[in-house]
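Indexing begins at 1, ligand by ligand and atom by atom, following the structure's order. In this chain, residues are counted from 1 in sequence order.
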Amino acid sequence: MSSKRDYYEVLSVSKEASCDELRKAYRREALKHHPDRNQGDAEAEAKFKEASEAYQVLSDDEKRKVYDRFGHAGLESGGGGFDGIGDVFAHMQDLFSEMFSGSMGFGGNARPRRGADLRVQQRLDLREAAFGCKREVSVHAPTACTDCGGSGGKAGTKPEACPQCRGAGQVSNARGFVMFTSTCSRCRGAGRIVKQPCPTCAGQGAVERARKVMVTFPAGIDAGQRLRVPGQGVPGPQGTPPGDLYVEIDVDGDERFERDGTDLVARLHVPFTDAALGGQALVPALEPDSADATLPVAIPAGTQSGAVFTLKGHGVPRLDGRGRGSLMVVVQVDVPTALSPRAKQLLTELDSELRGEATSTKRAASGT
Ligand SMILES: [Zn+2]
Ligand SMILES: [Zn+2]
C-alpha cells in the first residue's frame with residue numbers, strides 16, 4: 001500500500017475535530033492548493049486532491065468511523081464503501097459552489113433558475129411608517145416582454161434545447177484530473193436557446209420599462225428595514241421565474257418626535273412656574289387619524305428639567321401587532337428671559353424667601 005498520509009494530518013485537525021472544524025480546515029487547504037491558484041504545479045494539485053479525499057471521508061460519519069477503526073485499509077478493502085475519485089470531485093464541486101457561490105472566479109457554476117432581484121428605496125413619513133400604508137412604488141427595470149410572453153422567441157416558435165450543453169445549462173471541463181463545471185456560455189444556464197428571436201425584445205424576453213408596484217407597508221416598519229415583494233424583480237431568462245423586489249425603507253424625520261424603535265420621544269417645554277407649582281400641559285401625540293393630535297399630561301409640582309413622563313401605549317405599533325411602545329415625554333423647564341420690573345421684583349422676593357427656606361432646610365438636614 002502507498003504511503004498515504006493520515007487524513008487528520010492532511011487537514012491539520014485533531015481526531016476529535018467537529019464537522020465545523022473539518023469544514024474550515026478543508027476550506028483552508030483547498031484554497032491554498034486550488035489548481036486555479038497554482039497553475040501547472042503538480043504538487044499543489046496532489047495536495048488539493050489529498051485534502052479533498054480526506055474531507056470526503058472525515059465529513060461522512062460512517063466513513064469516518066471505519067477510518068478511525070481500520071485506517072486507510074478499512075476504506076480500501078471496501079468495508080466503508082469508499083466511492084473513488086470521481087465522487088471526491090463531485091463532492092468538492094458541491095462544497096465549492098456553496099462556499100463561493102460562483103463569486104471567486106472558480107467558474108461560477110450556480111445555474112440561474114430565476115431573474116435577478118431588484119432594489120428600490122421608498123421614503124415614508126413617521127406616521128405612514130408607524131401605522132402602515134399602501135404606496136405605489138415606481139420600478140424602472142426590465143419587465144417580461146408581452147409579445148413573446150417572456151420566452152424571447154418569435155411568435156409561433158418554441159425555444160430549443162441548447163446544443164452546447166444539451167439542455168443541462170452547465171458544461172464540464174477537465175483541467176488536469178479536476179473537473180470544473182461552469183454555466184453554459186451559449187444559453188447562459190437556461191438550457192434552452194431561441195432560434196428565431198422575438199423582434200420586440202431581441203430575444204431577451206424582457207424590455208426595459210417603468211412600472212408601478214403596489215406595496216403594503218406594515219405598521220411599525222422602521223428606517224433601514226426592507227420589504228421583499230416576491231416575483232416583482234427582473235423576469236427570469238427564457239421564461240424562468242422572476243426575481244424578487246426589495247423595498248428599502250427610509251423614514252423622514254419628524255420635528256415633534258424622535259423615534260427609538262417602538263418608543264417615541266417628545267420634548268415638552270414647561271414654564272418654570274408650572275414646574276414649581278404643578279399644572280397641566282398638552283403633548284404632541286402620534287395618532288393614525290390626525291396629524292396634530294395631542295395628549296394631556298399632568299405636571300406635578302416640583303418637576304425638574306429632564307424629568308421623563310412615560311405614556312404607555314402611545315408609541316409606535318409593534319411590527320408583530322402586539323400593541324404599541326411608549327411615548328416618553330422629556331420635560332424642559334423654560335426660564336423667562338425678559339422680565340417686567342414687577343416680575344423682577346416678585347422674583348427677588350421669591351429668591352430671598354427660597355434662600356431662607358433653603359438655609360432652614362439645610363439646618364434640618366444636617367441635624368439628622
Ligand atoms: Zn419578446
Ligand atoms: Zn447551454
Side-chain angles (χ1 to χ4, degrees), residues 34-36 39 85-120 136-215 228-247:
H34 196 282
D36 268 9
Q39 295 275 330
I85 292 302
D87 196 43
V88 171
F89 290 115
H91 183 79
M92 181 205 84
Q93 287 293 349
D94 288 354
L95 194 75
F96 266 77
S97 57
E98 194 185 317
M99 287 196 306
F100 304 119
S101 315
S103 62
M104 281 189 61
F106 290 125
N109 52 7
R111 182 178 169 179
R113 289 178 205 280
R114 56 196 279 278
D117 293 332
L118 283 175
R119 214 166 287 261
V120 292
E136 242 182 3
V137 173
S138 184
V139 181
H140 194 82
T143 57
C145 172
T146 46
D147 287 2
C148 60
S151 74
K154 196 175 175 180
T157 66
K158 272 190 178 161
E160 294 169 26
C162 169
Q164 192 166 309
C165 61
R166 296 196 190 87
Q170 295 185 321
V171 284
S172 298
N173 302 98
R175 204 176 292 164
F177 49 80
V178 183
M179 290 295 284
F180 287 86
T181 307
S182 56
T183 304
C184 173
S185 57
R186 176 108 190 244
C187 62
R188 281 179 285 168
R192 287 172 293 165
I193 54 155
V194 171
K195 272 263 169 78
Q196 287 176 280
C198 159
T200 311
C201 63
Q204 295 303 301
V207 284
E208 188 87 4
R209 196 175 284 157
R211 66 189 155 97
K212 303 266 185 204
V213 180
M214 188 59 94
V215 179
R228 188 173 72 99
V229 189
Q232 292 291 348
V234 178
Q238 277 132 56
T240 53
D244 298 332
L245 172 67
Y246 286 92
V247 185

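The SG atom of C148 sits 12.5 Å away from the NZ atom of K154 when rounded to the nearest 0.5 Å. Interatomic distance, CE of M214 versus CD of Q232, reported as 12.0 Å (0.5 Å rounding). Here the straight-line distance linking atom SG of C162 with atom CZ of R188 works out to 11.5 Å at 0.5 Å rounding. Separation of atoms OG (S185) and CD (Q164) is listed at 4.0 Å; rounding is to 0.5 Å.
If you put the vertex on the Zn ion (ligand 2), SG of C184 and SG of C165 sit 110° apart, to the nearest 10°. Rounding to 10 degrees gives 110° for the angle at the Zn ion (ligand 2) between SG of C162 and SG of C187.
Considering every non-hydrogen atom in both C198 and C145, the closest pair reads SG-SG, 3.9 Å. Here the closest heavy-atom approach between residue C201 and residue V207 is recorded as CB-CG1, 3.8 Å.
Protein atoms that are N, O or S and lie under 2.8 Å from the Zn ion (ligand 1) are these: C145 SG, C148 SG, C198 SG, C201 SG.
For the pair D117 (side chain) and D244 (backbone), a donor-acceptor distance under 3.5 Å is present.
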